[in-house]
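Here is the structure we will look at, set down as structure tokens.
Here the structure is a predicted model, which means the values were calculated and not measured. All residue numbers in this chain count up from 1 along the given sequence. For ligands, and for the atoms within them, numbers begin at 1 and follow the listed sequence.
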Amino acid sequence: MTAPAYDPDNIFAKILRGEIPSFKLYEDADTYAFMDIMPRADGHCLVIPKTPCRNVLDASPEQLAAVMKTVQVMAHAVMKAFGAGGVTLQQFNEAVGGQEVFHLHFHILPRHEGVALRPPGKMADMEVLKAQAEQIRAALG
Ligand code: 5GP
């Protein structure tokens with residue numbers, strides 16, 4: 001089955017172009033990391049490639065490698081920032097796979113013993129998100 005074409009007007013493409021705001025955590029030449037606005041755990045963040053692709057199915061090996069490198073950087077940073085014992089990674093492919101924004105992204109969710117993920121879809125308090133972003137940036141050093 002052929003996947004639909006990449007839509008350059010998806011939300012994350014707009015974030016990359018600076019057309020809508022985001023709480024930036026980290027960037028390098030190929031990737032960008034920022035806070036998820038509906039966090040399912042404190043420190044829930046997203047890593048995306050700067051170049052277009054919908055998801056893992058159409059990403060190039062280079063895009064995947066660059067994104068995973070940043071995922072590892074951010075996993076360490078959120079664990080340090082929130083004193084987490086581990087992280088859960090989530091990544092969805094196409095609508096039937098649970099994807100809602102069609103620009104490749106990995107979710108990084110800091111985890112604590114006995115603490116369940118919150119349900120999806122609840123917008124964060126922007127002041128709290130801003131403070132948490134500062135905490136993560138500080139942990140990046
Ligand atoms: P997914 O495609 O992985 O199912 O879900 C997309 C994710 O993007 C959700 O976790 C949602 O909270 C997040 N998200 C949706 N719109 C925005 C936005 O405008 N800004 C940010 N930072 N995150 C968003």
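With a 4.0 Å heavy-atom cut-off, ligand 1 is reached by no atom of Phe23. Residue contacts with ligand 1, taken as heavy atom pairs separated by less than 4.0 Å, involve Phe12 solely via side-chain atoms from C-beta onward. Proximity of His107 to ligand 1, defined as any heavy-atom pair under 4.0 Å, is confined to the side chain (atoms from C-beta onward).
Between Arg111 and Asp42 there is no salt bridge, since no side-chain N of the basic residue sits under 4.0 Å from a carboxylate O of the acidic one.
Of the polar atoms of Met35, at least one N or O is found under 3.5 Å from an N or O of ligand 1, judged by distance alone. By the 3.5 Å distance cut-off applied to N or O atoms, Asp36 is counted among the residues near ligand 1. Of the polar atoms of Gly98, at least one N or O is found under 3.5 Å from an N or O of ligand 1, judged by distance alone. For a threshold of 3.5 Å applied to N or O pairs, the pair formed by His105 and ligand 1 contains at least one separation below that value. Distances between N or O atoms of Val101 and those of ligand 1 include at least one value under 3.5 Å. Residue contacts with ligand 1: His44 is placed with no nitrogen or oxygen under 3.5 Å of a nitrogen or oxygen of the ligand (distance criterion only).
No side-chain N or O of Tyr32 forms a donor-acceptor pair with one of Asp28 less than 3.5 Å apart.
Looking only at distances, a side-chain donor or acceptor of Asn93 sits under 3.5 Å from a matching main-chain atom of Val56.
Gln72 CD: 12 or fewer foreign heavy atoms inside a 6.0 Å radius. Surrounding CD of Glu19 are more than 12 heavy atoms belonging to other residues, nucleotides or ligands, all under 6.0 Å away.
In this structure, His107 and Phe92 have perpendicular ring planes: the angle between them is above 60°, well past the 30° mark.
The only member of Ile48, Val67, Val71 that meets side-chain contact (heavy atoms from CB on, under 4.5 Å) when paired with Thr31 is Val67.
The contact set between ligand 1 and Ile15, taken as ligand atoms under 4.0 Å from a residue heavy atom, comprises 20 (N). Near Phe34, meaning under 4.0 Å from one of its heavy atoms, ligand 1 places the atoms 21 (C), 22 (N). Every atom of ligand 1 with a heavy atom of Gln99 under 4.0 Å away is listed here by number and element: 2 (O), 4 (O).
Nearest protein neighbour of atom 16 (N) of ligand 1, counting heavy atoms only, is Ile11 CD1, 3.8 Å. Taking atom 21 (C) of ligand 1 as the reference point, the nearest protein heavy-atom neighbour is Ile37 CG1, 3.4 Å. Looking from atom 2 (O) of ligand 1 to the surrounding protein, the closest heavy atom is Glu100 N, 2.6 Å.
Minimum heavy-atom separation, Leu129 to Ala124: CD1-CB, 3.9 Å.
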**Request:** Carefully, step by step, assess Asp125 and Lys130 under the rule salt bridge (charged side-chain N to carboxylate O under 4.0 Å, His left out).
**Result:** CA-CA 9 Å; Asp125 177 312; Lys130 186 177 175 212; over 6 Å; no
**Worked verdict on His105 versus Asp36 for side chain to side chain contact (heavy atoms under 4.5 Å, CB included)** = CA-CA 11 Å; His105 55 280; Asp36 193 302; over 6 Å; no
